[in-house]
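Here the structure is a predicted model, which is why all the values come from computation and not from measurement. Sequence lines set the chain letters: A, B, ... in the order given, protein chains first and strands last, and positions in each chain run from 1. Quick note: numbers below take in every heavy atom, side chains included, and nothing from hydrogens, waters or symmetry partners.
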Amino acid sequence: MSLNRKYIPIVVTILLFLVMFAAGSFRYTGFFSLQVLMNLLVDNAFLLVTAVGMSFVILSGGIDLSVGSVIALSTMISASLVQQLGWPPLVVIPLVLLMGAAFGSAMGAIIHYFKIQPFIVTLAGMFLARGLCYVISIDTITIDHPFYTAVAQTKIPLPGSSFLSISAVIALIVVAAAIFTAHYTRFGRNVYALGGNEQSALLMGLPVARTKVLVYTLSGFCSSLAGVVFTFYMLSGYGLHAVGFELDTIAAVVIGGTLLTGGVGYVLGTFFGVLIQGVIQTIISFEGTLSSWWTKIVIGLLLFVFILLQRVLTSGSPARK
Amino acid sequence: MGRLVKHHLFWPLCVLAALLLFNLCYSPDFFTITMHDGHLYGSLIDILNFGSPLILVAIGMTLVVATKGIDLSVGSIVAISGAVACLSISKGPDQNSLVLILISVLLAVGLSLVLGLWNGLLVSVAGIQPIIATLILMVAGRGIAQLVTGGQIITVTSAKYAYIGSGSLATLPFSIFVVILVLLIALLTRRTALGLFIESVGCNPTASLMAGVRAKWVILSVYIFCGLCAGIAGLLLSSNVSSADGNNAGLWYELDAILAVVIGGTSLNGGRYYLTGTVIGALIIQTLTTTIYMIGVPPEITLVVKAFVVLAVCLIQSDSFRAAFAARWKTRHYPAEKEITRHVS
Amino acid sequence: MSTQKPILQMTKIHKRFPGVKALSDVNLRLFPGEVHALMGENGAGKSTLIKVLTGVYSIDEGRVEMEGMPITLHSPLESQAAGISTVYQEVNLCPNLTVAENIFIGREPRRFGRILWKEMNRRAAELLSERMNLQIDVTRPLHTYSVAVQQLVAIARALNISAKVLILDEPTSSLDQKEVEQLFRIMRKLKQDGLSILFVTHFLDQMYEISDRVTILRGGEFVGEYMAEELTRLELVMKMIGKELHLLEELPSLAEADQHTLGGEWIRAEGLGRKGGIEPFDLAIRQGEVVGLAGLLGSGRTETARLFFGADKPDSGRLTLPESAGTVRSPREAIRRRIAFCSENRKTEGIIGDLTVRENIILVLQAKYGAFKAISRKRQEEIAGEYIRMLNINPPNPDHLIKNLSGGNQQKVLLARWLLTEPQLLILDEPTRGIDIGAKAEIQKLVLSLSRQGMSFLFISSELEEVLRVSDRIAVLRDRRKVKEVTGKDMSQQHIMQSIAGG
């Protein structure tokens with residue numbers, strides 16, 4: 001099969017990741033190791049989980065700005081229930097996930113049934129979730145429950161004396177499940193159809209309403225799962241956790257080659273988009289003299305390049321409006 | 001009475017009045033304005049003063065929204081502009097030199113014009129969706145601002161620079177005059193035909209092109225103006241605190257500005273725009289913040305209130321929502337109308 | 001064939017929209033194994049009838065029977081379930097999905113909820129090659145194929161849903177000759193398989209080539225059902241746009257009634273053409289001349305008009321204005337050279353819905369002046385008032401939003417918009433469609449009186465009588481080609497209809 005135009009963005013993404021990783025390996029000693037690679041996953045597990053949910057939303061032609069706030073709210077609810085009310089984590093975690101999913105489906109329902117732009121509805125969702133954090137508490141709530149600390153410290157050994165964290169494993173499972181969902185289930189294909197042409201999807205008799213609401217439900221679920229993972233990582237609940245995180249997530253999805261207009265892209269691309277962000281951060285920390293804001297500038301630049309690339313690729317295809 | 005209720009400023013003004021009334025009940029000296037050293041002091045003056053950067057950004061945003069666009073990068077431009085001005089002043093030999101201040105201000109304003117131009121080019125020439133096009137600068141702009149400030153908070157000790165954001169002229173805060181000036185410039189769109197073009201492009205771009213309107217130029221110019229407004233807002237903000245913080249200056253400004261625009265009655269679907277409505281919208285947001293501070297609730301909870309305001313306003317603007325309600329009262333009438341419009345088109 | 005029972009029968013269908021009778025007393029019979037053409041001009045009710053069949057609109061009165069059983073159609077899904085599938089002109093598939101997915105989505109072969117891609121691709125390839133003789137890579141995204149192939153994929157999808165009735169809504173309008181032949185081969189094959197095809201078209205040649213039977217609608221009314229081979233072209237055209245032959249009395253052309261002297265040649269198209277729009281043609285318009293474009297829907301009328309206005313870029317030929325030695329490359333340039341264009345698509349290319357009547361009237365003039373030479377409010381009101389009076393715009397309130405006006409009044413506002421710029425050439429594309437008789441006559445009179453003052457017109461209308469009434473000269477278009485120019489005595493309904501019918 002010849003290299004299709006639709007694969008160009010994802011190929012560019014993977015190549016970019018390899019080139020960046022190779023460049024880092026040549027330049028810095030100690031960069032080229034399995035553990036550095038694994039750390040990309042360990043440090044970005046929550047980004048990966050969120051970005052997977054966001055991929056579905058963007059593939060369906062929408063956007064979800066509430067992800068960062070939902071993460072913060074999840075950490076906050078987990079922390080307050082576990083620490084302040086003494087609930088068992090195994091009750092709290094499913095509850096938090098349910099809350100995230102419910103939050104997402106409410107937004108999805110408003111978007112679909114009242115035909116308001118996803119941008120503005122999820123913006124309201126973002127305000128609401130962030131505000132609810134402060135209703136719970138303005139300060140950080142530290143978590144010292146043994147379950148959380150145990151999960152946080154567990155290292156799963158891998159060959160080559162490297163290791164993964166439980167969070168990273170969760171993230172990998174989410175990615176695998178998402179790839180399956182996107183490509184091998186009706187729901188997944190309906191998401192693509194919806195992003196391709198909503199009107200057609202409707203006329204083809206696809207369940208547009210259900211799919212749309214489910215997409216936001218999924219994103220809400222992923223965000224709250226990312227929030228749970230985040231509590232393992234930070235061991236605290238705080239209303240200022242993950243501020244501006246929605247942008248990182250969207251950037252990861254776009255750099256992963258997904259079209260912001262919907263319908264085209266791969267979860268695998270998002271995976272590499274997250275890794276690219278991780279590599280940029282790693283390189284900057286290895287460099288030492290470069291400051292953290294370069295991450296944002298480089299990501300902004302990559303966004304620009306990818307958006308322009310998308311623009312060029314789509315303008316050539318005949319049937320796209 | 002019916003006409004009064006229908007006026008686009010009626011509801012925003014009601015909300016503002018209700019908020020002010022609540023404040024008055026809560027703290028009877030809320031409306032008190034005192035004279036001190038030739039300056040006026042009081043909560044109302046504070047609202048105007050602290051609200052002015054937001055009003056500025058929202059004015060720029062109004063014109064962008066009117067063309068069916070959106071500018072997410074205003075917060076970043078606010079930060080960059082403040083950072084550039086403060087950096088330039090802090091590097092100068094004499095921080096109080098008028099020439100230095102002028103050069104710094106011009107530099108910051110010039111840069112924000114360029115950033116606005118960048119957004120405008122992406123939207124009008126490259127044809128990228130506004131949300132996406134301005135997202136680039138929203139992400140990268142924060143980094144640029146931090147790059148300029150070196151990740152630190154740059155403080156300046158210049159009375160002349162501080163005057164822009166905290167000085168007063170004729171007993172009133174100077175920032176109010178800046179806002180009035182920019183508002184007047186924006187209102188020029190009504191004196192010239194630019195306003196007509198903006199609305200026509202926002203409402204029906206194809207028909208506008210067929211009518212010979214230079215849609216690209218119109219779109220380009222609104223983004224440039226929006227950049228300018230954000231730049232000036234950045235100056236006000238940094239001068240008010242005599243420092244620039246690349247990280248936090250102008251954070252969430254894009255969202256507050258969009259909120260102000262929407263409250264003011266301008267639809268996110270483009271078309272008609274209301275500058276005075278936007279100003280009132282921005283004042284509502286600022287008053288809300290002040291109120292929440294005053295009654296001792298954590299200020300962050302404003303976000304919850306904002307969430308409901310955004311939702312309420314959008315639901316009211318949503319045709320489907322209104323239709324769902326209208327259907328209860330006048331059954332079948334509205335759907336039939338919908339059907340005919342669909343049929344004719 | 002007549003002994004067979006129809007598979008689908010619609011009897012005495014009525015559909016009203018507030019103020020409009022979209023369908024009244026319409027019948028339609030479809031027999032298995034036939035291609036049945038549905039023909040009619042704009043506003044004939046074709047699209048309403050199809051929307052009724054696909055379940056988008058509900059009917060007010062009448063019966064729909066499928067294989068003798070009465071059915072009701074409330075949604076596209078119900079209609080599909082009843083065995084009626086539609087392929088629209090704008091292919092309603094998802095361009096980003098693969099060909100196989102587009103055929104199967106919603107009904108993918110699965111095992112334990114997992115989509116079996118191999119199975120799906122195999123079946124898709126099989127379906128396309130067996131029933132449509134189409135060998136393509138079904139794993140490629142749909143948008144990488146031409147519109148013609150996309151249409152075939154849409155048909156394949158319809159067949160896969162086991163359609164008994166296939167509606168093809170103007171499938172050929174964006175296909176070239178070879179693609180049309182391919183489509184027809186497939187249609188013949190499907191017909192042999194016993195499928196009943198409702199073929200909506202406005203191309204006469206194609207209708208005759210493929211159809212067994214034809215139903216004609218005009219103005220929402222049922223004109224009749226005929227066997228294609230028994231109906232001559234002339235009869236067909238007359239049934240679509242004109243009156244019955246024996247009723248046809250030669251209407252005195254208004255333009256002819258008072259001869260006026262024409263000025264010099266003002267604009268000239270030489271070999272002007274655009275692929276898929278209109279084949280290269282020559283046409284010159286003189287000052288004070290009204291040139292009518294006669295032809296059926298889809299014959300290239302609008303495309304011709306758009307080329308004159310610079311709204312589309314021509315592939316060949318050139319447009320010159322001898323006097324000013326200029327040309328026209330964009331609407332802005334056209335306006336500067338005093339050309340005006342009232343588009344047929346009032347809603348999308350004409351009115352700015354959320355603006356007032358006054359603002360809509362002055363828009364073009366203001367765009368001509370530029371942003372900084374604003375027309376004063378007082379002057380705007382004077383202008384608006386003047387045109388509201390002159391054209392009888394109702395309600396006579398310049399501050400009314402134009403979207404709330406009736407179609408006829410919107411049209412008058414658009415006319416006012418262009419007249420205000422004092423054009424030398426005014427292109428009117430279907431200026432009287434959807435307008436009541438009174439307003440129609442007013443617009444016709446206006447055209448005549450303005451042409452007497454030296455303004456030139458390019459006048460397009462589906463109603464031949466109207467074109468005859470106002471034109472000094474008529475260019476006849478057929479199948480995207482200019483076939484004839486008639487003047488003077490040759491300008492009779494019958495003569496022009498013959499040209500339109502061709503063959």
Q: Keeping to residues at least two apart or across chains, list the salt bridge (charged side-chain N to carboxylate O under 4.0 Å, His left out) pairs with something in residues 198-214 of chain B.
A: B/R190-B/E199, B/E199-B/R272
**Q.** Side chain, backbone, both or neither of B/T189 within contact of chain C (heavy atoms, under 4.5 Å)
**A.** neither
Q: Inspect the contact between C/R16 and C/E61 and indicate whether a charged nitrogen and a carboxylate oxygen are less than 4.0 angstrom apart.
A: yes
Q.
For C/I375, which atoms come within 4.5 Å of any heavy atom of chain B: side chain, backbone, both, or neither?
A. neither
Q | Under-4.0 Å salt bridge between C/D354 and C/K403 | A | yes
Q | Counterpart residues, side chain to side chain contact (heavy atoms under 4.5 Å, CB included), relative to C/T72 (two or more places apart) | A | C/H74
Q: Mind listing the closest non-hydrogen atom pair of B/Y274 and B/G264 along with its distance?
A: CB-O, 3.8 Å
Q) Quick one: what part of B/L209 sits under 4.5 Å from any heavy atom of chain C, side chain, backbone, both or neither? A) backbone
Q. When heavy-atom pairs shorter than 4.5 Å are enumerated against chain C, which of B/G202, B/P205, B/A207 gives the highest number?
A. B/A207
Q: Give, as side chain, backbone, both or neither, the part of C/L355 having an atom under 4.5 angstrom from any heavy atom of chain B.
A: both
Q. Hey, which of B/G195, B/G271, B/S200 has the most heavy atom pairs under 4.5 Å with chain C?
A. B/S200
Q. In terms of heavy-atom proximity below 4.5 Å to chain B, should C/F309 be classed as side chain, backbone, both, or neither?
A. side chain
Q.
Check this for me: does any side-chain nitrogen of one of C/E382 and C/R379 sit under 4.0 Å from a carboxylate oxygen of the other?
A. yes
Q. Quick one: what part of C/R417 sits under 4.5 Å from any heavy atom of chain B, side chain, backbone, both or neither?
A. side chain
